[in-house]
K.L.:
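Dumping the structure here so I can ask a few things about it.
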Amino acid sequence: MSATPTRDATAPHRTFRHHASFYAGSRQFLECTLSFIRDGLAGDEPILVAVNNAKIILLREQLGDHADRVEFVDMAQIGRNPARIIPRWWQFVDEHQDSGRPIRGIGEPIWAGRSDAELAECQVHERLLNVAFADGPGWSLLCPYDTDTLEPAVADEARRSHPLLTYNGTSHASDDYLHADLAVTHLRWPLLPPPAAAEPTEFDLDTLRTIRDLVADHAKQAGLDNTAAAHFTFAANEIATNSLRHGAGRGTIRLWRDSNALICEVVDSGHLHGPPLLGRERPPIHQTSGRGLWLANQLCDLVQVRSTPDGTTVRLHTTRR
Amino acid sequence: VVDSSLQFREWTAACLADGARRGEKVLRFGPHDGMCAERRDPAVTAVDPRVAFLAGGPVDPEVMYAMFREETAAARRAGYRGLRLVADMDWLLATPPGRAELAAFEVLLDEVVAELGATVVCAYRTEHFDAATIAEMVAVHPHTRGRPVAEPGVRFWNVAGQVWAVSGEVDHANAEPFGRALATVATRTSTLRLQAADLRFMALSGIDEVIRVARSHPHLRLVIEDPCESMWDCWTMLGLHRELPNVQIHRAAEPAHRPGTATSSTVAVAGPVVADAR
């Protein structure tokens, strides 16, 4: 891959600096993150750290009294659905951009144990970060990758999605970085085929209610609690309604379970034409499109959207808790 | 919902006889030439409302509501316990109103009927009214007899005064008639309570209708009581509790795990729709 020059080299505080930092084990994790945090503290910068709770405890111990100057959030919670992470960064940056100080954050959305589907959507998230902040405001985000536990292919993709790579505290431009404009290809990324046992059910306007009953039945059988089942059914209804509106008035639905999630797939013949961040930003009240997908992201643990001129597939995942 | 004249005659006779037994004044509305038997029955007042109240013109809701009030008052003065009416809605066919107009008439008639404590049966013949019209009329009556070709999936009716109720499920298929019913009652009051405990599902399409009514009636206070959990959650997730302060959502038992979900909501300006953006 050819390297695309990163804009941040000349104006470090006015552009988005998106770093991948590779570490092996807890000691290296602390080394790479603590130096980043301490640099920020020295400049009195607002800092948000989104990692898992165990790492939050580690960092707090090391930072001592300074930990109170850092905002911590549990990535396992805010990043359960990776599509909800960018809005959290938007919120953080919005809160502080008027302060005039540089802003920095640490976000570790990818960890061992993420399912293949979650990993793919986390990688979509990493690419979309470059789109989300392409026009500013400027800030620095460090994304740690644990090379001890993650597959080498995950690090390879991190080199494509991050314009800056940090090894042992030293940053340099990634030769493999795909510029944001070229990287938004995720709508064409393949999905694993549904299991053969997941039978398709066709639907149209007259059978929308039947589809909800089908989803609700599967949710009950999967052991979802009432709230999760209601949310999953609502989300499925909205995605199916999108098929009615944009997919020639009909679609096909399949439901199945994998090891830990109930999955609902809606397929139609429409071709999704939306902005890359569709489904991540809450649409304003006057906008009647885009809200179904946004709500699905709020109500489900994972939403996968794929679209080509041949049709659109949306998969909703919800996990029994 | 009537499939055959024989069936209608049987239902009408039974309904009117029941009213007479209960001491109610019984009326039969319909096209003049379709009520030969009733016109011969001294216990039944058979009237073609188009001729009797509308001077042969199209339906005028206010004239009809005034007529109901007058007839009920007269019945009570005459010692009846109230009014019972079976209307063959074929009386409308000479100058048929549009579906939306008819639905608005029916919605507000329900309010008048509830206020008067009357019993009114509106009979729609499947051979004279299309399935979509019958479905929408069924949706704005609290009770249905007969099987509509297309089940509307939702019911909207008056409980008392400005208290209304909705039951069933609102989705993309029936949101529009639901919105029409809501808009009809919203034009006539400053406070509207909508009981939604029996509303099992409200899709975004239905929420859109609530938004539309709230935005077009900024001085209306709309209180939605006990909606389903997913409607409540989506309302707050979309920030509507902040943006539409004239809509208040009251829940009997607020979920303890959702702090900070305020109960009211406002509006922004209508803007462009992004096509195909889902």
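Numbers restart at 1 for each chain; the letters A, B, ... are given by sequence-line order, proteins then strands.
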K.L.:
State the CZ-CG distance between B:Phe201 and A:Leu208, to the nearest 0.5 angstrom.
P.N.:
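Output value for this atom pair is 7.5 Å.
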K.L.:
In terms of heavy-atom contacts, does CD of B:Glu176 have more than 12 from other residues, nucleotides or ligands at under 6.0 Å?
P.N.:
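Result for CD/B:Glu176: open.
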K.L.:
Evaluate whether atom CD of A:Glu199 has more than 12 neighbouring non-hydrogen atoms of other residues, nucleotides or ligands under 6.0 angstrom away.
P.N.:
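Not buried by this count: 12 neighbours or fewer within 6.0 Å.
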K.L.:
Among B:Glu151, B:Glu169, B:His172, B:Met231, which residue forms the greatest number of heavy-atom pairs with chain A at distances under 4.5 Å?
P.N.:
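Result: the option with the highest number of such pairs is B:His172.
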K.L.:
Any sub-3.5 Å donor-acceptor pair from A:Arg291's side-chain atoms to B:Leu238's backbone N or O?
P.N.:
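Checked: no pair found.
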K.L.:
Please flag which part of A:Leu244 lies under 4.5 Å from any non-hydrogen atom of chain B: side chain, backbone, both or neither.
P.N.:
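Answer is side chain: those atoms of A:Leu244 sit under 4.5 Å from chain B.
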K.L.:
Flag yes if more than 12 heavy atoms outside A:Asp94 fall under 6.0 Å of its CG atom; otherwise flag no.
P.N.:
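Check passes, neighbour count above 12.
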K.L.:
Is there a side chain to side chain contact (heavy atoms under 4.5 Å, CB included) between B:Asp171 and A:Arg212 once you walk through the steps?
P.N.:
CA-CA 10 Å; B:Asp171 63 13; A:Arg212 285 199 298 276; 2.8 Å; yes
K.L.:
Look up atom CG in B:Asn174 and atom CZ in A:Arg209, then write down how far apart they are to the nearest 0.5 Å.
P.N.:
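Output value for this atom pair is 6.5 Å.
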K.L.:
Check step by step if side chain to side chain contact (heavy atoms under 4.5 Å, CB included) holds for B:Ser230 and A:Leu299.
P.N.:
CA-CA 9 Å; B:Ser230 54; A:Leu299 298 171; over 6 Å; no
K.L.:
Go through the atoms of B:Leu204 and report whether side chain, backbone, both or neither lie under 4.5 Å from a heavy atom of chain A.
P.N.:
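Backbone plus side chain of B:Leu204, per the 4.5 Å heavy-atom cut-off to chain A.
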K.L.:
Take atom CZ in A:Arg250; do more than 12 heavy atoms of anything else shown fall under 6.0 Å from it?
P.N.:
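Check fails, neighbour count at 12 or below.
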K.L.:
Quick check on B:Met202 against chain A: is it the side chain, the backbone, both or neither that has a heavy atom closer than 4.5 Å?
P.N.:
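Contact with chain A is through the backbone of B:Met202 alone.
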K.L.:
Surrounding CD of A:Gln77 (heavy atoms of other residues, nucleotides or ligands, distance under 6.0 Å), is the total greater than 12?
P.N.:
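No - once you tally the heavy atoms of other residues, nucleotides and ligands closer than 6.0 Å, there are 12 at most.
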K.L.:
Looking at B:Cys228, B:Ser205, B:Ala150, B:Ala203, which one has more heavy-atom pairs under 4.5 Å with chain A than the rest?
P.N.:
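Of the candidates given, the most pairs with chain A belong to B:Ala203.
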K.L.:
Considering residues, nucleotides and ligands other than A:Glu202, do more than 12 of their heavy atoms fall under 6.0 Å from its CD?
P.N.:
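Atom CD in A:Glu202 is not packed in, count stays at 12 or less.
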K.L.:
Would you say that B:Asp233 contacts A:Phe234 through its side chain, given a criterion of any heavy-atom pair below 4.5 Å between the two side chains?
P.N.:
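Side chain of B:Asp233 against side chain of A:Phe234, heavy atoms only: no contact under 4.5 Å found.
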